[in-house]
2 protein chains.
Amino acid sequence: MECKQFKEFAKDMVDYVGDYLENIRDRRVLPTVEPGYMRPLLPEEAPENPDKWQDVMADIEKIIMPGVTHWHSPRFHAYFPTANSYPAIVADMLSGAIACIGFTWIASPACTELEVVMMDWLGKMLDLPKEFLACSGGKGGGVIQGTASEATLVALLGAKAKALRRVKQDHPEWSEATIVSKLVGYASNQAHSSVERAGLLGGVQLRSLPADDNLKLRGETLERAIQEDRRNGLIPFYVVATLGTTNACSFDALDEMGPVCNKEDVWLHVDAAYAGSAFICPEFRYLMAGVERADSFNFNPHKWMLVNFDCSAMWLKDPTYVINAFNVDPLYLKHDQQGAAPDYRHWQIPLGRRFRALKLWFVLRLYGVRNLQAHIRKHVALAHEFEEFVRQDNRFEIVSEVVLGLVCFRLKGSNERNETLLKRINGHGVIHLVPSKIGDTYFLRLAICSRYTESHDIQLSWDEIRSLADDVLAEDQPGK
Amino acid sequence: MECKQFKEFAKDMVDYVGDYLENIRDRRVLPTVEPGYMRPLLPEEAPENPDKWQDVMADIEKIIMPGVTHWHSPRFHAYFPTANSYPAIVADMLSGAIACIGFTWIASPACTELEVVMMDWLGKMLDLPKEFLACSGGKGGGVIQGTASEATLVALLGAKAKALRRVKQDHPEWSEATIVSKLVGYASNQAHSSVERAGLLGGVQLRSLPADDNLKLRGETLERAIQEDRRNGLIPFYVVATLGTTNACSFDALDEMGPVCNKEDVWLHVDAAYAGSAFICPEFRYLMAGVERADSFNFNPHKWMLVNFDCSAMWLKDPTYVINAFNVDPLYLKHDQQGAAPDYRHWQIPLGRRFRALKLWFVLRLYGVRNLQAHIRKHVALAHEFEEFVRQDNRFEIVSEVVLGLVCFRLKGSNERNETLLKRINGHGVIHLVPSKIGDTYFLRLAICSRYTESHDIQLSWDEIRSLADDVLAEDQPGK
């Protein structure tokens, strides 16, 4: 493809992208296709000779869009938001053109340096303790990971390396395998599934501890578990505190957990994947009280801060353990400035990495802190609007406190009734929700996701739910 | 940012991207900045109010470009190529607009389905055995990973899960920690550093086995190591065969290793990160003879097949072990069609994933197989042109056979002389190379990387090297 063609093609795509997003409200949020729908629409093999770009453009509506779940529709309330913004899309074009692989500083100094400074900008926006920031001149600093799952795993591996070193000194007679088999980490039973997965990947035990009635993991629960495990000869090494759980956007008692971890010399990682974006607003920072005791902190600007996936922001007070945990240093990756700037390949699982700081830079500059705060506040206000609708209908109940942009609710009565309601909602396809469960209670989650969402969308979503609830409850009458 | 502004901004960026790439030859390939160059150029904090997009555009040349290593310059010969093409950049714009997170089928059916079919298209282009392809109707299939490092780790974790299950049945009295401590994997001492890193991450021993004089790991070396370890009570479980090493683009004796692995019930993973793209040309497929014995196969279209990073293609004959190795299944990720299509979150380390199959689709359609083959063939021919220059200058020697697009060469004589030459080359900044070492021999690697490279670029690169070698050798005379 020649440059002239590219410019025509890319500009046509710019128009398509803008028109798609501005009119996304008109599309059915959930597709109606069945598994395997696409294969018959495509040739069995790649073409021998090039197709025309105009044909590819035309196939987007024919082949791709019928199978797309429209995550940026104001009718999309599933999971948590994922970010999408014009500045981030444009930044990724530039990133695609430069297309450097930023594994070391020399591999493209701008890629590393912009990331270091953007992570400082972002950390300041959250008012993170300065020990986490590179500009403080200490060991600390930030890095862009792909996902929160990877951040949880990286922190776990750092904690594991740190514990191994310490225990080996105390017990030189123990093999590494013996030590690893004694290591134990902790998270709330409300933590994200990726925390359990990090334990499986890292080959260590993770205990799931009970949250209290407000869905918080408490300091005393953690302390009791640690003491019990120490009595049984285990070695506590890692704790994940979740701020804003996926189940119900609940918050662990970080301020209680921190002192326990510090006293017990256990690595404390904070997973604020969703809620972290809210901390750019001072009024929500009470939710991260105690963060100064943590060893690592992570949140996803690619969730709620308008930076397209993947951009998972992670800060470490002391990255040394992570860097040394899987540092291999072949000659072809060495360079003269080693040590003078971070070589981010040591901070992450993969070797390669794209120039992701560009989209953070573009978004922060082209929104400004004020508009990003406005985005968060608007979503929280919309969640409370929906909460109000639910509270005014006495057939429904709110399941847990609405703190940010997630409302957990259900029809009073059986789980089956709520399962039926959810099936109807998603089957109807006007809006999309996913369920969750706490203990034995099944409920529906409505997350405010799209940057296009307005009050009238929330009204429509509520009307849809209420009207389908009418049907479900009518059929649920005894005798029917 | 409003849609109208976005369209102006994005179209301006399209022009910038096209102009940057078409004129990339004119830029100094290696920047002259020092660590820390960027911080003074940026404000200390994110702006409170939005900047103008025109100011952001202007800052690209002022702040970013001075620190960019231009990976797509025909003067860039370091590492291996990384891909960059117009169709891939346009596809990523669409991916950014749809911005779905394809962790399950229902989260965006098109995202999963296009990936399944594209991995079949790609597998057929390489003539992979049909057991690897989803269209064969068996268990096998492909997945797009972020990087080859992750593919190596995913395969290792699958192999570990498989071995654990088997050994637990034979030895129910052994703890999991005991079994893990006995597991041992193998790779050549020429394997990429990410293989060693996968062992560290996965918490298992990996033995580095000596390659032969042609830099190949041989079947008998592998067999001997396995027998020796079995005698010592260890449990061999995983082997990585490299096709196209980073050091010198050498090829393990896959055809000899496969039968050993199959006989010993050891998982064989093929890492063809760089060389795999060449297998779209039938004349290079002799290099993957024996692939039918492998359990998993990986190569990076994001290296040499013009699909922008990240797109690492991995096929598994039986993904069950990987899927079960870290399968956690919370309610909010369940859906009605589970089992009818892959839920790719079980195939990879992170949970989230972008719509990466779009760029594969765009590249395959808009180049066509024929032009992708032409791209590979041209690079190989250019490597041989450079090889010829080196061979005609008797001050130099070729270090290992030139098979694809990499030439390993050195000045005859001491390592120091070659280190000096490399420093001069990179210091001069007209072209960029990185070194490597095999045994005690230090040498220079010249990889053909850019899709813009022509014969006259190779001539220029050679002239630069030859002229700097004149200086080095002159200074190296006794008495000077």
Side-chain angles (χ1 to χ4, degrees), chain A residues 1 3 6-7 10-11 13-14 17-18 22 33 35 38 46-51 64 67-69 71 82 84 86 89-90 93 96-97 99-101 108-110 113 121 147 149 177 181 193-194 196-197 200 203 308 326 328 330-332 337 340-341 350-352 364-365 368-369 434 436-437, chain B residues 1 3 6-7 10-11 13-14 17-18 22 35 38 46-51 64 67-69 71 82 84 86 89-90 92-93 96-97 99-101 108-110 113 121 147 149 177 181 193-194 196-197 200 203 308 326 328 330-332 337 340-341 350-352 364-365 368-369 434 436-437:
Chain A
M1 171 168 275
C3 184
F6 159 68
K7 288 185 178 179
K11 288 176 185 179
M13 184 61 88
V14 168
V17 162
E22 295 305 316
V33 297
M38 196 187 284
E48 188 63 19
N49 292 305
D51 289 342
I64 303 299
V68 169
T69 303
W71 281 60
T82 193
N84 180 338
Y86 290 135
I89 291 172
V90 179
M93 292 162 60
C100 60
I101 304 295
S108 215
E113 302 229 346
W121 278 20
T147 59
S149 327
S181 73
S193 56
S194 58
E196 180 187 345
R197 208 151 174 268
L200 293 173
N308 275 56
F326 29 82
V328 290
L331 185 58
Y332 46 81
Q337 282 86 358
L351 171 62
L364 296 181
R365 290 187 66 179
V369 175
V434 295
S436 196
K437 212 168 185 176
Chain B
M1 170 167 275
C3 184
F6 159 67
K7 289 185 179 179
K11 288 176 185 180
M13 184 61 86
V14 168
V17 162
E22 295 305 315
M38 196 187 285
E48 188 63 17
N49 293 305
D51 289 341
I64 303 299
V68 169
T69 303
W71 282 60
T82 193
N84 180 337
Y86 290 135
I89 291 173
V90 179
D92 261 349
M93 291 163 60
C100 60
I101 305 295
S108 216
E113 303 228 345
W121 278 21
T147 58
S149 328
S181 72
S193 57
S194 59
E196 180 187 345
R197 207 151 175 269
L200 292 173
N308 274 58
F326 28 81
V328 290
L331 185 58
Y332 47 80
Q337 282 86 357
L351 173 61
L364 296 182
R365 290 187 66 179
V369 175
V434 294
S436 196
K437 211 169 185 175

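Below, chain A is the first sequence line, B the second, and so on; all start at residue 1.
Residue contact with chain A, scored on non-hydrogen atoms closer than 4.5 Å, involves the backbone and the side chain of S108(B) alike. For chain A, the nearby part of E22(B) is the side chain; its heavy atoms alone come within less than 4.5 Å. Contact of V434(B) with chain A is made through the side chain alone, with heavy-atom distances under 4.5 Å. Both the backbone and the side chain of N49(B) come within less than 4.5 Å of a heavy atom in chain A.
Among V17(A), N84(A), L200(A), D51(A), the residue making the largest number of heavy-atom pairs under 4.5 Å with chain B is D51(A). Per-residue heavy-atom pair counts under 4.5 Å with chain B were compared for V14(A), V68(A), L364(A), and the maximum is reached by V14(A). Among the candidates M38(B), Q337(B), M1(B), K437(B), the residue making the largest number of heavy-atom pairs closer than 4.5 Å to chain A is M38(B). Counting heavy-atom pairs closer than 4.5 Å to chain B, the top residue among A10(A), G203(A), A340(A), A341(A) is A10(A). Considering only heavy-atom pairs separated by less than 4.5 Å from chain B, the leading option among T147(A), N308(A), I101(A) is I101(A). Listed options G352(A), G368(A), A46(A) were ranked by heavy-atom pairs under 4.5 angstrom with chain B; first place goes to A46(A). The greatest number of non-hydrogen atom pairs below 4.5 Å with chain B, out of V33(A), T82(A), I89(A), V90(A), is found for V90(A). If you tally non-hydrogen atom pairs under 4.5 Å between each of A177(B), S194(B), S181(B), G96(B) and chain A, the highest count goes to G96(B).
The two residues F6(B) and G18(A) make their nearest non-hydrogen contact at CE2-N, 3.9 Å. What you find for W71(A) and A99(B) is that their closest heavy atoms are CB-O, 3.9 Å. When all heavy atoms are compared, the tightest approach of P47(B) to W121(A) is CD-CZ3, 3.9 Å.
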(message) Please evaluate residues S149(A) and L351(B) with respect to the criterion side-chain contact (heavy atoms from CB on, under 4.5 Å), reporting the C-alpha separation (whole Å), side-chain torsions for both, the decisive distance (0.1 Å), and the verdict.
(response) CA-CA 6 Å; S149(A) 327; L351(B) 173 61; 3.5 Å; yes
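Not a single side-chain hydrogen bond (donor to acceptor under 3.5 Å, both in side chains) links S193(A) to another residue, sequence neighbours left out.
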